[in-house]
Amino acid sequence: MILCMSSSSHPSSSVAPSARIVSFEEARHLVEQHAVSVCPGEVETVDLLAGLARVLAERIVADRDFPPFDRATRDGYAVRAADLAEVPARLEVVGEVKAGDWPEPGVCSVGRGQAVGIMTGAPLPAGSDAVVMVEDTSVAECSHPNVAKNATLGWGTLTEKFVEIQRGVSGGENFVPRGAEARAGQLLLDRGRRLDHAGIAIAASVGKSRVQVFRKPRVAVLSTGDEVVEIGATPGPAQIRNSNSYSLAAQVQNAGGEAVRLGIAPDERGQLRALIEEGLDCDLLLLTGGVSMGKYDLVEQVLGELKAEFYFTGAEIQPGRPVVFGSCGAGALARADSEVAAGTRPRAPAPHRKYFFGLPGNPVSTMVTFELFAQPMIEALAGMTRQRLIFLRARLKSEIRTKTGLKRFLPAVLLGEFENAEVELARWQGSGDIAALARANCYVVVPPDRERIEAGEWVSLLMR
Ligand code: AMP
Ligand code: MG
């Protein structure tokens, strides 16, 4: 139907919010300010590896000193540094400690003029205060036939051996003193930290086979648009498949949330409202499409009917200018409550303010605005401590020309190798060009006052 409109589908701007277009920085700060007010969900305990990419709900502390003993960081000889004031020096080898051995003081100690063979990871014997690398030694004298074989490296046998040391060491060299990394009881990982492989290593090193993490926030994803069809359908000539629900679900998952895809709302007020209300049962609602200036862009109007509060209705960025951020209070959830009472709907979480983002429908705009604004809110709902948005810098390979007035996040490719990185804009046809974004690995950030950036200039980047 192109010309025919029923009265119920007739768009009206009676409850549309008054426009509040803010700078990129203000928009980001507004989201961050609201994000600090949200609470993460309940705590659950999972097996350590299932905790990967989850957010810690407990503090992980050192169960003993790290390292638990003075730990050699080289293969060589434990010595008294003072014995090597003059080199070459000849020391008597009185023992050997390999990783896992415990050098009992008195049984295996280093006295003046003595050395003990030591392997990486082994405890330093009493009396020693440094380790000489085996590469700086040679076997001075030994009766055992194996010595010849090892002589060039300075390894001999355990008995009746002297080692010659070519280079001196300072006290404290080539070992990590007990407790230098952490003292018993010291905080290693705080609550709110997302577990990566290093975090998993820390938990493992203190013996935690299970960890407490926050439940993932449930994030509703609602696409809108009469032209949008499900991905299994064969699109008509003017229809497009619903890629945004999937890119958003993937981004939600990457950010630490659990996506709840609510399908596609048509550009019709009643159905859109019903789906928005369903989405408000989740911890956060993400809408895509329907937030621009078009006659059938109804998202803000319907949210307005639900007494939403809007913190911004646009940001001075491109792509993604029409992005909307707001929340609905308990009033908007009243219908849900009455249905709970009537037993037609399962109990929703306690009615408090629910945040929503209206992301523009153009797929690249959807992805960029998610990253800039929705992600920090999901991270906060997931219990994560605030993550700052960090821009990197790289040299521009080819000149950029744009219009002034908006901060631009342009899909780009970071090229080169090692320290010689250069960045170049991806060829793209604008905010609908998913293929260009898939080829890109970052965005070049162009300040609103720049019309032209020369090749060779340093530019800011946001990795994606
Ligand atoms: P809108 O923001 O609703 O004006 O939509 C802007 C552009 O994005 C239009 O070309 C839409 O067809 C497209 N679009 C909207 N929603 C989706 C979606 N879920 N998946 C892919 N493209 C979409
Ligand atoms: Mg639309």
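Counting starts at 1 for both ligands and their atoms, following the listed order.
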Check your understanding: So Phe69 and Trp102, would you call those rings parallel, tilted or perpendicular, with 30° and 60° as cut-offs?
Key -> perpendicular
Exercise for review: Assign the ring pair Tyr355 / Tyr311 to parallel, tilted or perpendicular, where the plane angle (0 to 90°) is split at 30° and 60°.
Suggested key: tilted
Point to revise | Inter- and intrachain pairs under side chain to side chain donor-acceptor pair (under 3.5 Å), touching residues 437-446, at least two apart | key: none
Review point. Among all residues two or more places apart in sequence or in another chain, which pass the side-chain hydrogen bond (donor to acceptor under 3.5 Å, both in side chains) test with Arg183?
Key: Asp65
Return all side-chain donor-acceptor pairs below 3.5 angstrom for residues 224-237, not counting sequence neighbours, or 'none' if the list is empty.
unit_1	atom_1	unit_2	atom_2	d
Thr224	OG1	Thr288	O	3.0
Thr224	OG1	Gly289	O	3.2
Asp226	OD1	Asp267	N	2.8

Tabulating one pair per line, provide the atom names and distances (0.1 Å) for every N/O atom of ligand 1 that is less than 3.5 Å from a protein N/O atom.
unit_1	atom_1	unit_2	atom_2	d
ligand 1	2 (O)	Gly361	N	2.9
ligand 1	3 (O)	Gly290	N	2.9
ligand 1	8 (O)	Gly361	O	3.1
ligand 1	8 (O)	Asn362	N	3.1
ligand 1	12 (O)	Glu227	OE2	2.5
ligand 1	14 (N)	Gly361	O	3.3
ligand 1	19 (N)	Ser223	OG	3.2
ligand 1	19 (N)	Asn242	OD1	2.9
ligand 1	20 (N)	Ser243	N	3.3
ligand 1	20 (N)	Asn244	N	3.3

Practice item. Answer yes or no: is there a donor N or O on one side and an acceptor on the other, between the side chain of Thr73 and the main chain of Asn174, under 3.5 Å? Key: yes
